[in-house]
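Report on the following structure.
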Amino acid sequence: MSRLILHVDLDAFYASVEQRDHPEWRGRPLVVGAEPGQRGVVATCSYEARRFGVHSAMPIAQAVRRLPPETIYVRPSMARYAKVSQQVMGVLETVSPVVERVSIDEAYLDVSGLTSLVGPPAIIGAQVKARIRQAVGLTASVGIGPNRLIAKLASDVQKPDGLTVVPPEQVGDFLAPMPFTVLRGIGVKTAPRLERLGVKTIGDVRQLPLETLRQHLGARTGIQVYQQARGLADDRIDPARPRQSISRETTFPEDVSDPRILEETLRWAAQEVGSIARQTRHLGRVVTLKIRFHPFETHTRSRTLKVPTADDAALFGAAWSLFAAEPWSGRPVRLIGLGISGWSATDGGVQMDLFETAAPEPCPEHDRLAATLDAIRNRFGADAIQRGLSRRSPG
DNA sequence: TCTGGGGTCCTAGGACCC
DNA sequence: TCTGGGGTCCTAGGACCC
């Protein structure tokens, strides 16, 4: 028996929350992300902005060139969005107990058992959308199919405010005409490899032998793409998928060479990561330093500790020693941050002790971040930016 | 043209052990 | 004197996703 999987995707989530909360912004192009003139990208934009060809992950400078002057630009308010997301997940749990949140604006539900209680898939989908709208005043697109892949693709075909049901017997016809780039695991690097084979649609991929896909995409992706092209994918929904890592990083407004600023920023990241790890009761053994230089040259260095930790000072110490061990000093740094992973398999008394040594903190991290960013702005702020600009356009 | 931040998963080489 | 093969851990980088 095939399962019934439902995928919910909140439409233009950050932008929709902003338009919901600021009625005067409704009906206008709106970008949530970096500010114009800053480094950064579009996180999400309203459908009015998408009409100009702007989309998520587009560099902000490029978006500004395309959008009209009346466009609204706002920085993301993650805490607010997280709250709305929580409300939505709560609503979903009133529909089915089997809900897996996959990101702030997306979730999968196993609704296999609901047809006899609620009705056919389309009725279940309509109910999900109605409850979300009623609870938080936002629209969502819903897709329903026999597995996660089909449900996800179905939710994509009629955005925004869409509802699409793909019964098992229609999966083949549903997939065949779609561009193969919608398959999971096909991105900017792998797409050209298949294009060179003359492939355009998922139907075309289905004509290729498994061996060909393995050769061109690698063993794992090759098999995955072969199966997806035939509509075969994971149909398990796991409400309790554990997280694998916690990290914080930041890109500086201008590249930074001063080691004191790098050190302060790494201390901030360590406090953030440590605080979240303690709140969520995670102790990790692997500390990873991430650093990015001009031009977008990114490195990671990691160290496995003898004793698992969630302690700010231990995290900072490990990351700073990784930094110090490299001949990097003096190179202008674009981004720096750190992460923790490799949760220890054991549990019990020892771990509890470790949690208790780390003092619980109210929430001074936000203040510290603000202070750190102020410090950076003071050093690299208006003057530095002015100098940079006048260098580019003298007079 | 200029590329955020937070994640997951895969690959591959080397160390080390049996 | 020559040199296997498997398993696991560690590390670095990369692709991809939202």
Side-chain angles (χ1 to χ4, degrees), chain A residues 7-15 31-45 53-66 75-76 78 81-82 85 100-108 148-149 152 155-156 181-193 214 217-225 234 238 241-253 255 265 269 272-273 276 285-306 318 322 325-326 334-342 344-345 369:
Chain A
H7 180 251
V8 199
D9 191 338
L10 296 164
D11 300 314
F13 181 48
Y14 302 170
V31 170
V32 182
E35 266 166 54
Q38 275 186 345
R39 280 177 165 171
V41 298
V42 174
T44 318
C45 60
V54 174
H55 54 79
S56 297
M58 177 181 275
I60 197 71
Q62 201 177 331
V64 169
R65 262 178 267 123
R66 290 170 179 247
R75 302 280 300 157
M78 294 313 297
Y81 310 151
S85 176
E100 181 180 326
R101 179 195 143 115
V102 290
S103 74
I104 195 165
D105 64 346
E106 266 184 72
Y108 288 97
R148 299 167 71 111
L149 172 73
K152 163 92 176 157
S155 74
D156 264 333
T181 48
V182 303
L183 295 177
R184 316 290 291 174
I186 304 287
V188 286
K189 298 288 176 178
T190 46
R193 299 193 207 164
R214 291 176 59 126
L217 302 178
R220 196 78 189 210
T221 310
I223 292 169
Q224 213 201 331
V225 166
D234 194 359
D238 182 358
R241 275 187 64 146
R243 82 148 104 192
Q244 304 295 322
S245 64
I246 301 167
S247 65
R248 276 288 181 280
E249 65 187 48
T250 191
T251 295
F252 297 111
D255 294 351
T265 309
E272 288 277 303
V273 168
I276 292 166
R285 292 179 63 219
V286 181
V287 178
T288 302
L289 167 76
K290 180 172 172 181
I291 194 163
R292 177 172 289 152
F293 303 103
H294 179 82
F296 225 68
E297 174 193 322
T298 309
H299 297 275
T300 59
R301 290 290 181 272
S302 65
R303 163 164 304 174
T304 301
L305 307 176
K306 290 213 169 64
L322 285 165
E326 299 286 340
R334 179 187 177 97
L335 167 153
I336 198 164
L338 70 83
I340 185 171
S341 58
S344 57
L369 169 58

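If you're wondering where the values come from, they're calculated on a predicted model, not measured in any experiment.
- Rounded to whole Å, atom P of B:dT3 lies 10 Å from atom CG of A:D255.
- In terms of heavy atoms, A:K152 sits closest to A:S155 at O-OG, 2.8 Å.
- The shortest side-chain heavy-atom distance between A:H294 and A:R334 does not fall under the 4.5 Å cut-off.
- Here the C1' atom of nucleotide B:dG7 and the CD atom of A:E249 are 10 Å apart, to the nearest Å.
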For a quick check, with a 4.0 angstrom heavy-atom cut-off, what is the B/S/- contact string for nucleotides 9-18 of chain C, read 5' to 3'?
-SSSS-SSSS
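- OP1 or OP2 of B:dG4 lies within a sub-4.0 Å distance of a side-chain N or O belonging to A:R334.
- C:dG4 and B:dC16 are spaced 16 Å apart, taking the C1' atom of each and rounding to whole Å.
- Using a 4.0 Å heavy-atom distance criterion, A:L335 is classed as a sugar-phosphate-only contact.
- Following rounding to the nearest Å, A:H294 (NE2) and B:dT3 (P) show an atom-to-atom distance of 11 Å.
- Residue A:Q244 is classed as a sugar-phosphate contact, given heavy-atom separations below 4.0 Å to backbone atoms only.
- The phosphate of B:dG7 (OP1 or OP2) has no side-chain N or O of A:S245 nearer than 4.0 angstrom.
- Remark: side-chain polar atoms of A:S245 are not paired, donor with acceptor, to backbone N or O of A:I340 under 3.5 angstrom.
- We find that CD of A:E100 is positioned 12 Å from P of B:dT8, with the value rounded to whole Å.
- Of the possible donor and acceptor atoms, none in the side chain of A:E249 sits under 3.5 Å from a partner among the backbone N and O of A:S247.
- The backbone N or O of A:D238 lies less than 3.5 Å from a partner atom in the side chain of A:E100, making a donor-acceptor pair.
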Before giving the answer on side-chain contact (heavy atoms from CB on, under 4.5 Å), spell out for A:V225 and A:L217 the whole-Å C-alpha distance, their side-chain angles and the decisive distance to 0.1 Å.
CA-CA 9 Å; A:V225 166; A:L217 302 178; 3.9 Å; yes
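- Between the CG atom of A:D238 and the C1' atom of B:dT8 there is a distance of 14 Å, given to the nearest Å.
- Put simply, A:F296 rests on the base of B:dT3: the two rings are less than 5.5 Å apart at their centres and nearly parallel, under 30°.
- No donor-acceptor distance shorter than 3.5 angstrom exists from the side chain of A:R301 to the backbone of A:K290, with no hydrogens or angles considered.
- The separation between A:M58 atom CE and B:dT1 atom P is 13 Å, rounded to whole Å.
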How would DNA chain B look in dot-bracket form, 5' to 3', counting Watson-Crick and G-U wobble pairs with both distances under 3.5 Å and writing | for bases paired to another strand?
....||||||||||||||
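- No engagement by A:R101 is indicated, since no non-hydrogen atom pair under 4.0 Å with the nucleic acid exists.
- In this structure, A:R243 and A:A61 both approach DNA chain B, and ranking their closest nucleotides by distance from the 5' end singles out A:A61.
- Using a 4.0 Å heavy-atom criterion, one finds that A:R292 contacts the sugar-phosphate atoms exclusively.
- Contact detail for A:R75 and A:Q38: the closest heavy-atom pair is NH1-OE1, 3.4 Å.
- Between A:Y108 and A:H7, the ring planes are tilted. Angles from 30° to 60° get that label.
- Note: CZ (A:R248) to C1' (B:dG7) measures 11 Å, nearest angstrom.
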Decide yes or no on side-chain contact (heavy atoms from CB on, under 4.5 Å) for A:M58 and A:R66, but give the supporting numbers first.
CA-CA 11 Å; A:M58 177 181 275; A:R66 290 170 179 247; 3.8 Å; yes
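- Distance, A:L338 CG to B:dG6 P: 10 Å, rounded to whole Å.
- On the P atoms, B:dC2 is 27 Å away from C:dC18, given to the nearest whole Å.
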